[in-house]
Structure formats: structure tokens, C-alpha cells
There are 2 protein chains.
Amino acid sequence: MVVLEYSDQDVNRLFRALADATRRDIVRRTLVADVSVSQLADSYEMSFAAVQKHVAVLEEARLVTKEPHGRERMVRGNPDRIREAQRLLDRFEDLWRSRIDRLDILLAEDDPAPPDT
Amino acid sequence: MVVLEYSDQDVNRLFRALADATRRDIVRRTLVADVSVSQLADSYEMSFAAVQKHVAVLEEARLVTKEPHGRERMVRGNPDRIREAQRLLDRFEDLWRSRIDRLDILLAEDDPAPPDT
DNA sequence: CTCTAATACAACCATTTGATTGTATGATAT
DNA sequence: ATATCATACAATCAAATGGTTGTATTAGAG
């Protein structure tokens, strides 16, 4: 099994990009269907340039890709990157479970019968 | 089934807290075992106050809790909150899948036989 | 009781972030 | 050919972030 490794910077960018409501909304919309930057800009109460920057942050985080289509850029959500984020969180859960497991072993050891007699 | 709702602010804090390598490391360590703030501070190349602030950010995000134990505060990772983050990401995946499903329906409709004759 | 270790908290500072406006460029439609 | 729409990008700015040092408080050790 291939365990992909991520740099701290990379993971920082990923979670940072998700830490903004407008950006999360952009990701949602572009997972459902391809949308141009200007279509996105129409939806939010901020300047075109501001939306453009949010898209750029998402692109750096690889949560979306942009594809030129004539004079507009279609923004496409990247489901793989969402899954990568999920896998990163899975590792945290694994740590927690390993703690519980070790605790169980300890309890099993000194409660009913001493092990390995 | 209960669908919990989160405010944008709450989700922002959650992902923001995860967007820092030191903080992620603190979460990992405190999921594995309870650790005091000063024990944590010893591990990182920064001041005690800086580590204290990171713990505060994690606490605000509810990724850890602090429990007084004598003169020290034990920091404990909160696995439930990790799971909440995972569930938020699941919803993004759901959107993607719904897109695929709709696409499949479209393809099924006009390819082999027209539906509903 | 006194000293010290662990924490809390305020003030400060540099950098980053999230937004703005303005200007430039490229593709389309008329 | 030209006007316009979609985008890119620079400069600017206020607020938030991530770090520092210094001071105060509190609990435990000697």
C-alpha cells in the first residue's frame, strides 16, 4: 500500500483553504458542476477580484482546477483532494484508537489473570 | 437521524486550527495521551506563551480540552471533533457523487433506449 | 513560610490575509 | 474593427495571526 506523504506546508494550505465559508461554498458549487469565475463572482457580495483570489487560494491548495474555455475559466472541484483531507483526519482517529487499544491491553493484563505465566 | 448544524464561524475555527503544523502535532500527542501545557512547550522551538496560544486556539476549536490537575493543565485531544471534521468533508464527497449520479442518469436516458415510452 | 514551577494574560511587533480599486490584456460578438 | 466581457494582476489597506517579552497569580515542594 502506498502511503502518500505531504509536507506541512501542503497540509497547511489544504486546511487553510477550507477555513473560509466563501471558499467552502465555491468548492461545493464546483464539485456539483463546472462554473466560471465570473459566474461565481455574481453569487457573492464582494468584488470580482476578491472571488478571483479565493479561487486562487483553492487552486494553490489543489481543491479546484481551472480550465480555459474561450474567454472564461471554468472552475472544477477536485474530489480527490477532499479525500486526501479525509485520509489525513483518519490518521488522527487511528492515533486515538491505538490509545484505547493500549489501554485495553493494560486492563486485560492486571485484572483477571497475570499474562504469560 | 440527527444532522448537526454548524455555523460558518465554527467550521472556520475548526479548519483554521488544523492549518498549522505545531497545532496538528499537539492534537496528535494529546490524542495518544494526556500531556500538560509545559510538557508540550518543552517539545517545540518556541516560547511557552506561544505554545499556550496554540493550545488556546485548539481549545476554541474544541479540538482539545484542558483539565486542571494540581498546578498544571492537562490537555486532552477530542476525537469527536475530529469525526465532526470528517463528517463535514463527507458532505463534500456526497455532492460529488450526486453529480456523477445525475450524469449517469442523463447518459442512461438518451443512449440505448428512450425512457418512459 | 518561602521558593519555584506552571500557568495566565497584556502589550507589542512583523507578516499574512481578505478585501478594495485601478489598469492591462485577450477573446467574442456586432 | 471595435466595443465589451472575462480575466489577470499590482498597489493599497485594515484586521487577524503567530510570535515575542514582561508581569501576575497560584499550587506544590522543601
Side-chain angles (χ1 to χ4, degrees), chain A residues 7-30 33-77 85, chain B residues 7-30 33-77 85:
Chain A
S7 74
D8 282 347
Q9 270 271 322
D10 189 49
V11 180
N12 291 355
R13 265 195 291 267
L14 175 55
F15 285 119
R16 188 113 214 6
L18 289 169
D20 179 279
T22 302
R23 286 197 292 261
R24 285 192 300 275
D25 198 62
I26 292 175
V27 171
R28 279 186 217 107
R29 289 190 53 191
T30 58
D34 291 6
V35 190
S36 73
V37 178
S38 48
Q39 281 177 309
L40 288 171
D42 288 340
S43 321
Y44 307 107
E45 290 288 305
M46 67 185 72
S47 68
F48 178 86
V51 173
Q52 218 176 11
K53 279 198 190 177
H54 281 306
V55 172
V57 169
L58 290 168
E59 206 181 3
E60 289 239 329
R62 284 181 283 144
L63 280 162
V64 305
T65 56
K66 262 191 308 187
E67 206 165 329
H69 240 266
R71 68 177 150 185
E72 55 201 336
R73 307 298 146 104
M74 302 309 285
V75 183
R76 175 174 314 196
Chain B
S7 74
D8 282 347
Q9 270 271 323
D10 189 50
V11 180
N12 291 354
R13 266 194 292 267
L14 175 55
F15 285 119
R16 186 117 217 2
L18 289 169
D20 179 279
T22 303
R23 287 198 292 260
R24 285 192 300 275
D25 198 61
I26 292 175
V27 171
R28 278 185 217 105
R29 289 189 53 190
T30 58
D34 292 5
V35 190
S36 73
V37 178
S38 48
Q39 281 177 309
L40 288 171
D42 288 340
S43 321
Y44 307 106
E45 290 289 305
M46 67 185 75
S47 67
F48 178 86
V51 174
Q52 220 177 8
K53 278 195 190 182
H54 281 306
V55 171
V57 168
L58 290 169
E59 206 181 4
E60 290 238 330
R62 285 180 283 145
L63 280 162
V64 306
T65 56
K66 262 191 310 187
E67 206 165 331
H69 241 266
R71 68 178 149 182
E72 54 200 336
R73 307 297 145 105
M74 302 310 284
V75 183
R76 174 174 315 196

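Scope of the values below: all heavy atoms of this structure, side chains included, with no hydrogens, waters or symmetry mates. Letters go in sequence order (proteins before strands), and every chain restarts at 1.
- Side chains of R13(A) and Q9(A) form a contact here, defined as non-hydrogen atoms less than 4.5 Å apart.
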Counting only pairs under 3.5 Å, give me each side-chain donor-acceptor contact of residues 47-61 of chain A, with atom names and distances, residues two or more places apart or in other chains.
| from | atom 1 | to | atom 2 | distance (Å) |
| --- | --- | --- | --- | --- |
| S47(A) | OG | A50(A) | N | 3.1 |
| H54(A) | ND1 | R23(A) | NH1 | 3.2 |

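- The two residues G77(A) and V64(A) make their nearest non-hydrogen contact at CA-CG1, 4.1 Å.
- Counting only heavy atoms from C-beta outward, the side chains of R16(A) and R16(B) approach each other to under 4.5 Å.
- Annotation for A21(B) and N12(A): closest pair N-OD1, 3.5 Å, computed over non-hydrogen atoms.
- When each of E45(B) and S36(A) is assigned the nucleotide of DNA chain D bearing its nearest heavy atom, the one mapping closer to the 5' terminus is S36(A).
- A 4.5 Å side-chain heavy-atom check between R29(A) and S43(A) finds at least one atom pair inside the cut-off.
- Within residues 13-25 of chain A, the residues approached by DNA chain C to less than 4.0 Å at the level of any non-hydrogen atom are R16(A), R23(A), in residue-number order.
- Using a 4.0 Å cut-off, no side-chain N or O of Q52(A) falls inside it from OP1 or OP2 of dT7(D).
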Item checked: Reading 5' to 3' through nucleotides 23-30 of chain D, protein heavy-atom contacts under 4.0 Å coded B for base, S for sugar-phosphate only, - for none -> ----BSS-
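- Using a 4.5 Å heavy-atom cutoff, the side chains of D20(A) and F15(B) are not in contact.
- Residue contacts shown for S38(A) are limited to sugar-phosphate atoms, with no base heavy atom under 4.0 Å away.
- Using a 4.0 Å heavy-atom cutoff across all strands shown, A41(B) reaches no nucleic acid atom at all.
- Atom CE of M46(B) is separated from atom P of dT17(D) by 16 Å (rounded to the nearest Å).
- You'll find that the side chain of K53(A) is closest to dA11(D), out of dC9(D), dT20(D), dA11(D).
- Rounding to the nearest 0.5 Å gives a distance of 5.5 Å between OG of S38(B) and CD of E72(B).
- The CG-P distance, from D34(A) to dA6(D), rounds to 17 Å in whole Å.
- For the pair L40(A) CG and dA8(D) P, the interatomic distance rounds to 12 Å; values are reported in whole Å.
- Evaluation of the salt bridge (Lys or Arg N to Asp or Glu O under 4.0 Å) rule for D34(B) yields R99(A), R76(B) as partners, not counting sequence neighbours.
- Side-chain contact check for V75(B) versus E67(B): every heavy-atom pair is 4.5 Å or farther apart.
- Think of the region where chain B sits on DNA chain C: with heavy atoms and a 4.0 Å cut, that region ends 5' and 3' at dT4(C) to dA11(C).
- Under the salt bridge (Lys or Arg N to Asp or Glu O under 4.0 Å) criterion, D10(A) pairs with R62(A), R81(A), not counting sequence neighbours.
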